[in-house]
Protein chains: 2
Amino acid sequence: MENEKEYYETKASEDEYLAWYKKQDWKTYDKPAMAVDNVIFGFDPSDNQLKILLIERKTHPFKGKFALIGGFVEPNESAKEAALRETKEETGVEIVEDNQMWQIGAFTQPDRDPRQWIISIAHATFLYPFVLPLAGDDARSARWFTVARNSNGELEFLHPEGYVALDDLAFDHKDIILTTFKRIKDSLDVTPDILHVLGDTFFSTDALGVLKNFDKKFVNYSTGNFVKTYVKNNPILMDTGKFEKNPKGAGRPKKILSLRK
Amino acid sequence: MENEKEYYETKASEDEYLAWYKKQDWKTYDKPAMAVDNVIFGFDPSDNQLKILLIERKTHPFKGKFALIGGFVEPNESAKEAALRETKEETGVEIVEDNQMWQIGAFTQPDRDPRQWIISIAHATFLYPFVLPLAGDDARSARWFTVARNSNGELEFLHPEGYVALDDLAFDHKDIILTTFKRIKDSLDVTPDILHVLGDTFFSTDALGVLKNFDKKFVNYSTGNFVKTYVKNNPILMDTGKFEKNPKGAGRPKKILSLRK
DNA sequence: GAAATAGTGTCTTTTAGACAATATGGT
DNA sequence: ACCATATTGTCTAAAAGACACTATTTC
């Protein structure tokens, strides 16, 4: 039988090998379940704030904690397809541009889910347009939280009735979110795809406001220098040359920027 | 029975819930096998060239093609632990510093392996010290290839007897390698961990030589300006202030740099 | 017309990068 | 002595950032 294996692996054609392979009764190794988790960002035009979508868990495990949008990957589906599907299910929005969703990485600590071996492929989604999440069942209803930082500079997520700290998150979602924020921060000068939450065109001030959530170097920028330095040098940002009067009321008309396709 | 589920999910303690969960006979979904693939970089002091470790496949599938170092993730093991284990098996080197190995991401196209559903968590390893790969079996013997680019700027991997092009790679390893190079390139100004292939301390000229493989902006640097601009601004690079005479023979002594811990 | 907002202009300081000069060791 | 190699120094042009000024809109 060793001869048979060697024959198919080395002498037969690849098609013959594959036909033979699939007939064999291989010892099955333990396998993990594969899930996706999705850090979905949005920009709320009603208060000009960057938001993140979380659900409060009503059941064990991690009852009462907050979690990212997630779900299992189905066979014949890539992780990104699963994340796109879950995003559509939760928000109704179909993500069209490739760079509106990044894969952040695989989170594979064997004990990350207390129930069983489940790995998660984390994604970040820069949602547009901004929509209210679709109503889910009792155990699962998503809400938008404002991205903010406490006095120690730690991330927290605000809601009219309170706030969610990183330690209020289920599973390893603190880890996923921190990794996501670091990844976005580190690529801000190369690919600030987070700005997709603003849509195709947007105001310079809103762009600066979004970026401030990821790197404090933007806190120091005056709006004028922001456009002169960051926008001018950024490979995917563009000044359209157009203006729109401030929809919020007073003020000089704002510059309209866009992302290069 | 629905009442029982609801009871344990919402009213029982988390420990009670988990004990109950593990007794249940859940419908088992299809699960993928989880593998790791590892883009292992090294720096050969005998020719001062950046190298990558590849194996030539002697069996189907992808017989005759070249592949990355890979293997399956075992239960109770994270993907990174599996990648560290495979690296040790293949080279004998135990990677000690956390940032000498990056996770690049999960490659999850369902048909990426023609045999069965196997996802791969790709890693990049910046190996040091440089060692010859350990002898494997017939089907698996790894060799170092010099990282180079052809006249079109496309990556290729050289060996005294020939070269390997990206299209000579098995599975989706072309994809993995391209993603790895892009990731290294994009983070060169923030975390040039690729320089770990040079060890704890190294010459400025070797650093520049390694970086040239990832971004052509380094081709234009004179060695003088390289230290004055790149090294000075880089958050993890340091000028030790020491010098060593050129071990290759002629020339003014070289500056010794190091990576900040 | 005062307050709010944000774009524009100007000036100063810093930085990048080109290039020349210098230091070191080999042949 | 001369060549190869790499650092150091210098100069110039460009860029960053501070800050004052101006334009637009609301109240």
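Fair warning: this is a prediction, and the values are worked out from it, not measured in the lab. Heavy-atom basis, side chains included; hydrogens, waters and symmetry copies ignored. A, B, ... follow the sequence lines: proteins, then strands. Residue 1 opens every chain.
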Enquirer: Tell me the interatomic distance from A:Asn234, atom CG, to D:dA16, atom P, rounded to whole angstroms.
Expert: 12 Å

Enquirer: What do you reckon, are the aromatic ring centroids of A:Tyr128 and A:Phe41 less than 6.0 Å apart?
Expert: no

Enquirer: Using OP1 and OP2 only, check whether a side-chain N or O of A:Lys254 sits under 4.0 Å from C:dA6.
Expert: yes

Enquirer: With no hydrogens and no angle check, do the side chains of A:Asn234 and A:Tyr230 hold a donor and an acceptor under 3.5 Å apart?
Expert: yes

Enquirer: Taking B:Phe145 as the fixed residue, which of B:Phe157, B:Phe66, B:Tyr163 is the one that meets the ring pair (Phe, Tyr, Trp, His ring centres under 6.0 Å) rule?
Expert: B:Phe66

Enquirer: Which part of the nucleic acid does B:Phe243 contact within heavy-atom distance under 4.0 Å: base, sugar-phosphate only, or nothing?
Expert: sugar-phosphate

Enquirer: Starting at the 5' end of DNA chain D, which residue's closest nucleotide do you reach first, A:Pro253 or B:Gly251?
Expert: B:Gly251

Enquirer: Roughly, in whole Å, what's the span from OH in A:Tyr230 to C1' in D:dA15?
Expert: 17 Å

Enquirer: Would you please confirm or rule out a distance under 4.0 Å between OP1 or OP2 of D:dA16 and any side-chain N or O of A:Thr229?
Expert: no

Enquirer: Test for a donor-acceptor pair under 3.5 Å between the base of C:dT5 and the side chain of A:Arg252, counting only N and O atoms.
Expert: no

Enquirer: Reckon A:Tyr221 touches a base, only the sugar-phosphate, or nothing at all at heavy-atom distances under 4.0 Å?
Expert: sugar-phosphate

Enquirer: Ignoring hydrogens and angles, does a donor from either the side chain of B:Asn225 or the base of C:dA18 sit under 3.5 Å from an acceptor on the other?
Expert: yes

Enquirer: Please report the distance, rounded to the nearest Å, between CZ in B:Phe202 and P in D:dA6.
Expert: 15 Å

Enquirer: Tell me: CD1 of A:Ile256 to C1' of C:dA6, nearest whole Å?
Expert: 14 Å

Enquirer: Checking contacts here: which listed nucleotide (D:dT25, D:dT8, C:dA16) is nearest the side-chain heavy atoms of B:Lys255?
Expert: D:dT8

Enquirer: Does some side-chain heavy atom of B:Val227 sit less than 4.5 Å from a side-chain heavy atom of B:Lys232?
Expert: no

Enquirer: Once you apply a heavy-atom cut-off of 4.0 Å, does B:Lys232 come out as touching a base, just sugar-phosphate, or nothing?
Expert: sugar-phosphate

Enquirer: Whole Å only: how far is the CG atom of A:Asp239 from the P atom of C:dA6?
Expert: 16 Å

Enquirer: At under 4.0 Å between heavy atoms, what does B:Thr223 touch on the DNA or RNA strands: base, sugar-phosphate, or nothing?
Expert: base

Enquirer: Can you check the B:Phe203 CZ to C:dT24 P distance for me, whole Å?
Expert: 16 Å

Enquirer: Which whole-number value in Å describes the distance from B:Asn233 CG to C:dT14 P?
Expert: 14 Å

Enquirer: Could you check how far CZ of A:Phe226 sits from C1' of C:dT5, rounded to whole Å?
Expert: 16 Å

Enquirer: Check if the side chain of A:Lys228 and the base of C:dG7 share a donor-acceptor pair of N or O atoms closer than 3.5 Å.
Expert: no

Enquirer: Among the candidates D:dT25, D:dA4, C:dA6, find the nucleotide nearest to the side-chain atoms of B:Ala250.
Expert: D:dA4

Enquirer: Which one, C:dC19, C:dT8, C:dA16, comes nearest to the side chain of B:Ser222?
Expert: C:dC19

Enquirer: Decide yes or no on salt bridge (charged side-chain N to carboxylate O under 4.0 Å, His left out) for A:Glu81 and A:Arg85, but give the supporting numbers first.
Expert: CA-CA 6 Å; A:Glu81 285 162 356; A:Arg85 178 173 51 72; over 6 Å; no

Enquirer: If you define the side chain from C-beta out and look only at heavy atoms, does anything of A:Lys182 sit under 4.5 Å from A:Thr179?
Expert: no

